[in-house]
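Notes for the one structure printed next.
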Amino acid sequence: MRLPSRRSVAAIAVLLAVAAFAFWRLTQPEPLPASAIPAHTADRANGEVLYHAGSCFACHKAAEGATNPSLPSGGTPFKTPIGVFYPQNLTPDPESGLGRWSEIDFVNAMARGLSPDGRHYFPAFPYMAFRAMRMSDLLDLRAYLMGLEPVKTQHPPHGVPQLELARRAVGLWKRMALARLPFIPESEGSDAWKRGAYLVNAPGHCGECHTPKNWLMLEDLSRHLAGGPHPGGEGKVPSLRGLLERKKYKNAADLTLALQNGEELGYEDISSGGMALIQENIAKLPEADVRAIAEYLLSQE
Amino acid sequence: MSHSKRTLAWSAGLSMVIAAAWGAVLAAEDPAHLRHEAMETVQESFKPLRAIAVKEAPFDAAVVKKNANTILEKLKEAHGLFPEGSGGGDSRAKPEIWSDRAGFDTAMKNAQSAATNMAAVTDEAAFVPAMKALGGACKACHDKYRLPKQ
């Protein structure tokens, strides 16, 4: 056998180095600088509305056996096709929660999908939707969370590929995903409709389950809210389009009652596949916001 | 048409009729189908109750009693229609019904006792709490033991 010439060995080494460099560059986290935070007086009441609109508690709920089960201290296993995540503790505990997160840390997590130490989050955390949130809303939400009672927690590491390279590779997906503009529906319609569109698509991240994904794991916007396979792997997520045409609800008042009361008033379509907990969060919103969500959803033909 | 052709046509037609009838019999005996029918009736009986709860209709103890009793009867009927192995296919029943049979039975019994309480409601003040208790019992069971619908 002839040994490869010195020249070809050198050429392969150069190619590998170029590929590694390109990978490293393309997956480089790009956090916002601290100067991106505007002067802002936080409104905790607005933060609480966003907390419920985003159903943060549905994923970040306290792990079984927690002393205060109503706090979002995280750690309840969250199953996805790539493995099990243990969602972040959202209380202000300095060790296990958000206590040491600065405003820019929080904004980078929500809008850029980056941890405070600058690593990519897997998109199980729906930053693709949250990045459409207004900066003032993000800061209000943080202020609300920072005012909660701190809880110290301990949970196992995520049951997903722990290789630094795998996490780094998420950066490739993000480069493609974040190149899309955040989804903001056309701004015609009443103020209530616009409010509903914002709540549903930005903090509400309804499309994470209700919009099918394409082969690149990006939401297929041509089938916005049209339903799809359940991300938990069992059953399907219903379409939110044509709710009036399909006679699911009579009008916005009817859907408002459904979102506020769920199956307690016999609206039986709203409590399977994890929706019961989401509905309980939506029920905590001011009535005008629930009504706005209903108006926006019923406009989706 | 020759004699043999006519016989052939007749027997083909007859076997189709028999197959269709057999299919209907099978469907009628399929527990997944039967419990679905029972639950549809429960859902229908909820509608007049919801109308009272949201004040679209006046409180009427007779309407409450009648619908609560239908719900109770249909819940009992449905409860008996979950034999082992009747999940899968188009059924929305989750495998947890059989892996956690005791939990499922408790959830079903809770709904039945909530319906019994509802049937005994005679005044408006007790109606909404009874409604929420019954709806809550349905919800608790559906959340855990039923797949979402497309």
Side-chain angles (χ1 to χ4, degrees), chain A residues 58 61 79 206 209-212 223 225-243 246-283 287 290-291 294, chain B residues 36 39-57 64 67-68 70-71 74-75 78 87-97 99 107 110-111 114-115 118 127-150:
Chain A
K61 65 181 174 229
K79 287 182 202 136
C206 304
C209 290
H210 287 279
T211 299
R223 289 186 289 157
L225 300 178
H230 195 284
E234 287 179 290
K236 288 176 173 168
V237 181
S239 170
L240 302 182
R241 306 196 71 105
L243 291 174
R246 291 185 286 131
K247 297 195 165 44
K248 296 287 178 189
Y249 300 96
K250 283 183 284 186
N251 47 38
D254 192 28
L255 180 51
T256 303
L257 280 172
L259 290 169
Q260 286 176 321
N261 299 284
E263 197 153 10
E264 288 193 352
L265 282 189
Y267 290 99
E268 57 99 29
D269 273 353
I270 219 157
S271 46
S272 307
M275 191 60 202
L277 195 48
I278 312 280
Q279 179 264 316
E280 284 166 25
N281 279 270
I282 295 172
E287 174 144 355
V290 184
R291 174 82 187 208
Chain B
H36 180 78
M39 288 300 196
E40 290 276 298
T41 311
V42 169
Q43 178 63 7
E44 281 307 307
S45 309
F46 243 102
K47 288 181 180 165
L49 298 177
R50 183 196 301 159
I52 296 173
V54 303
K55 302 201 184 303
E56 272 176 16
V64 171
N67 286 288
T70 309
I71 291 173
K74 289 291 163 183
L75 282 178
D90 285 341
S91 169
R92 291 167 71 193
K94 282 177 91 164
E96 282 83 345
I97 290 175
S99 64
N110 287 345
M118 166 77 93
F127 173 71
V128 171
M131 176 83 181
K132 296 213 159 184
L134 176 55
C138 301
K139 172 179 171 171
C141 193
H142 287 154
D143 190 23
K144 232 172 154 176
Y145 301 105
R146 186 176 65 162
L147 291 170
K149 171 163 76 177
Q150 174 66 311

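Please read all numbers here as calculations on a predicted model, not as lab measurements. Residue numbering restarts at 1 for every chain, and letters A, B, ... go by the order of the sequence lines.
When side chains are defined from C-beta on, B:Ile71 does not count as touching B:Met118, because their heavy atoms never get closer than 4.5 Å.
Considering only residues two or more places apart in sequence or on other chains, B:Tyr145 meets the ring pair (Phe, Tyr, Trp, His ring centres under 6.0 Å) condition with B:Phe104.
For the set B:Val54, B:Leu49, B:Leu134, B:Val128, the entry with the most heavy-atom pairs within less than 4.5 Å of chain A is B:Val54. Contact count against chain A (heavy-atom pairs under 4.5 Å) is highest for B:Lys132 among B:Lys94, B:Met131, B:Lys132.
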- Passes side chain to side chain contact (heavy atoms under 4.5 Å, CB included), B:Met39 versus A:Glu268? Steps please. CA-CA 10 Å; B:Met39 288 300 196; A:Glu268 57 99 29; over 6 Å; no

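At a threshold of 4.0 Å, the pair B:Glu44-B:Lys74 does not count as salt-bridged, since none of the basic side-chain nitrogens sits closer than that to a carboxylate oxygen.
Residue contact with chain B, scored on non-hydrogen atoms closer than 4.5 Å, involves the side chain of A:Leu257 exclusively.
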